[in-house]
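Below you'll find the structure, written out as structure tokens, and then a few comments.
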Amino acid sequence: MKADIVIKNGLICTNNGIVKGAIAAKDGIITAIGSDNEMPESEKTYDAKGLLVMPGVIEPHCHLGLDKNPDGSVKGVERYYEDVKSESQAAAVGGVTVINTTVEGNGPNGVKVTGVKNKINNAKGAIENAYVDMRYYLGVGNDGEVDEFNELRKEGFLSTAKFFLGYKGASAKIFGHPEEGYTNDFIYRAFTKLASQPGPVKAMIHCEDPDIMKEVSAPIEKEEPIGCNYIDIFNRSHPGVCEVMDLCKVAYIGRLTGCPVYIVHISAKETVEQLEYFLSKGFDITGETCLHYLMFSTEDKKAYTDIDWNHQAKVNPPIRTMSDKDMLWEGIRKGIITCIGTDTTNYSYHTNAIGGDFWKAQPGCGDGMSVLMTAMYSEGVNKGKISINEFVKLMSENPARALGMYPQKGALKVGADLDAVIFDPHKKWTFDSTKTYSTHEGSLYDGMEFTGKPMATFVRGNLVAENGKIVAEKPLGEFVKVSSAAV
């Protein structure tokens with residue numbers, strides 16, 4: 001059978017190791033992997049030039065459409081659609097081929113949208129702007145939304161329901177979360193319902209106990225920073241114990257109800273230690289951390305010297321100490337943390353309060369997808385913290401399994417989608433956010449030097465990005481339904 005495309009002369013990173021040769025696909029599906037001379041005839045051939053050919057990176061957790069107007073109101077669905085276009089372009093250039101993002105909860109002019117089905121319908125059209133494939137996760141805040149979520153699961157639209165435990169009162173109301181917070185009885189009922197229906201599912205949890213944070217934050221946040229190190233103050237006002245407390249709660253409720261749990265953006269060493277215990281006891285928990293926690297700490301020089309960087313670095317939960325950072329890498333090495341996300345947001349300067357009051361800055365670390373693959377390879381593989389095989393699992397296979405996309409996504413294997421990245425492991429370059437497709441203003445990563453860079457990105461066999469540019473003539477992203485074969 002004649003292939004549509006053959007990527008030849010590469011080092012193909014498969015589940016079973018690296019294969020020197022080529023990979024062929026028909027209708028976007030991989031049909032053969034082997035030596036160059038074993039490949040079928042094809043309509044197109046792409047020369048990988050001896051570079052690594054990796055599965056496309058899967059972004060398991062980000063937030064699009066949250067930028068605000070100067071008066072503090074969320075811009076709404078129009079901005080969401082714009083974000084899907086610009087941030088999917090940035091993702092493609094950065095080697096990301098699937099984005100799992102929130103569903104925008106605000107309609108035109110920022111009017112709040114209620115109901116899970118309405119929120120999904122509000123977002124569906126955004127796929128037409130996407131340059132990579134997409135999947136949605138959706139926050140549930142009451143029993144009715146859990147019931148709606150379960151109905152949509154039957155259609156293959158959703159596999160992850162998010163619980164924003166870190167928010168209560170006014171901060172919860174802004175995003176449409178329950179103002180009283182997520183009570184234990186609601187979590188129990190929701191987990192029970194999620195576990196009652198067949199098919200892959202995860203309760204995606206933002207762990208941060210809001211009551212303890214409220215008690216400790218006020219006096220700490222009145223302190224003056226050393227230099228301009230506000231993220232040190234922010235870290236101490238949101239202590240790691242708040243994160244691990246919520247982990248313990250949802251772990252045991254998940255065990256009781258039989259509902260698998262996915263912990264997003266783990267930041268604290270205490271959480272890693274406790275998660276290791278739960279995993280040793282057979283709890284069904286997936287642990288994710290984010291790029292910024294692995295790259296930065298409150299002790300970094302720029303935290304003391306760069307006030308704008310501090311504004312960009314304000315995120316919930318906070319960037320923490322070097323000790324926390326080291327423990328996160330240890331958690332990755334030991335297989336405790338198995339997924340890496342970015343928690344990407346897309347803000348203008350006034351949303352980050354650049355040039356103004358740090359405490360008025362909206363939490364969110366900006367564009368991470370442009371550098372996710374590069375930074376993890378440069379910091380992880382090149383520095384000997386993880387192997388290439390471990391890198392591939394962390395960035396592709398593990399999130400695909402967690403989100404119910406595997407084996408369609410997450411690996412270069414016969415029968416899977418040809419989502420692939422030609423990656424130069426020796427390319428040295430300096431990141432400049434003004435040269436990306438992201439419309440987020442500024443970056444945590446500006447001026448950082450990396451070794452390793454995506455040179456070409458394919459989505460279902462289609463060349464989307466090459467040499468830092470989008471080359472696809474139009475958006476071609478599709479919605480990734482839950483795989484019937486997901487394991």
Side-chain angles (χ1 to χ4, degrees), residues 59-68 74 83 87 101-102 162 164-167 171-172 174-175 177 204-210 213 217 220-221 225 228-240 242-243 246 263-269 271 288-300 302-303 306-322 324-325 328 337 339-354 357-372 375 433 438 440-446 448:
E59 162 62 280
H61 162 225
C62 68
H63 303 265
L64 302 182
L66 291 184
D67 195 32
K68 291 185 174 183
V74 177
D83 279 5
E87 306 317 292
T101 185
T102 40
K162 190 165 183 184
F164 295 84
L165 272 57
Y167 297 89
S171 63
I174 292 172
F175 295 109
H177 309 323
M204 182 180 272
I205 314 294
H206 176 140
C207 289
E208 273 191 303
D209 181 86
M213 285 194 295
S217 62
I220 294 174
E221 291 180 1
C228 53
N229 194 350
Y230 280 98
I231 65 164
D232 169 61
I233 296 175
F234 197 59
N235 169 45
R236 290 186 286 111
S237 71
H238 293 62
C242 297
E243 186 177 88
D246 274 350
I263 308 298
V264 297
H265 51 48
I266 293 172
S267 64
K269 58 187 176 184
T271 309
E288 169 208 283
T289 192
C290 291
L291 181 63
H292 42 274
Y293 303 122
L294 297 169
M295 298 296 294
F296 306 111
S297 79
T298 59
E299 289 107 311
D300 292 350
K302 64 180 65 179
D306 189 336
I307 185 61
D308 290 349
W309 185 89
N310 274 266
H311 282 238
Q312 297 278 2
K314 185 181 179 184
V315 62
N316 291 331
I319 290 171
R320 302 195 187 274
T321 68
M322 182 67 74
D324 292 286
K325 175 183 168 182
L328 292 172
I337 293 173
C339 294
I340 310 296
T342 67
D343 210 1
T344 283
T345 52
N346 190 31
Y347 292 159
S348 46
Y349 280 134
H350 68 256
T351 302
N352 271 330
I354 300 297
D357 185 349
F358 173 85
W359 300 111
K360 292 182 179 179
Q362 176 69 38
C365 271
D367 169 34
M369 290 187 285
S370 290
V371 294
L372 175 59
S433 65
S438 174
H440 181 85
E441 297 179 357
S443 174
L444 288 173
Y445 306 92
D446 269 330
M448 292 187 69

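What's counted below: heavy atoms across the whole structure, side chains too, no hydrogens, waters or symmetry copies.
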Are [X] and [Y] packed together at the side-chain level, in the sense that at least one heavy-atom pair is separated by less than 4.5 angstrom?
X	Y	result
F234	I319	no
S443	D367	no
N310	N229	yes
K302	F296	yes
S297	T321	no
F358	I233	no
V264	D343	no
R236	T298	no

Closest non-hydrogen atom pair, [X] against [Y]:
X	Y	answer
Y293	K325	O-CG, 3.6 Å
P60	G341	CD-CA, 3.7 Å
K68	T351	N-OG1, 3.4 Å
R320	A268	NE-CB, 3.8 Å
G240	T271	O-OG1, 4.4 Å
T289	I266	OG1-O, 2.6 Å

Given 3.5 Å as the limit, does a donor-acceptor pair link the side chain of [X] with the main chain of [Y], or not?
X	Y	result
W309	A303	no
T344	G368	yes
D83	G65	yes
N235	P318	no

Pick from K314, E441, H440: which one makes a side chain to side chain contact (heavy atoms under 4.5 Å, CB included) with N352?
H440
Any chance you could measure [X], atom [atom1], to [Y], atom [atom2], to the nearest 0.5 Å?
X	Y	atom1	atom2	result
H292	I231	NE2	CD1	10.5 Å
E243	L165	CD	CG	11.5 Å
D246	C207	CG	SG	5.0 Å
E288	T342	CD	OG1	8.5 Å
Q362	H350	CD	NE2	10.5 Å
I220	D232	CD1	CG	9.5 Å

Please work out whether the ring planes of H63 and H61 are parallel, tilted or perpendicular, with thresholds of 30° and 60°.
perpendicular
Hey, what's the ring geometry for H206 with H265, parallel, tilted or perpendicular (30° and 60° as the breaks)?
perpendicular
Compute whether any side-chain donor of one residue and acceptor of the other, for E87 and S438, lie under 3.5 angstrom apart.
yes
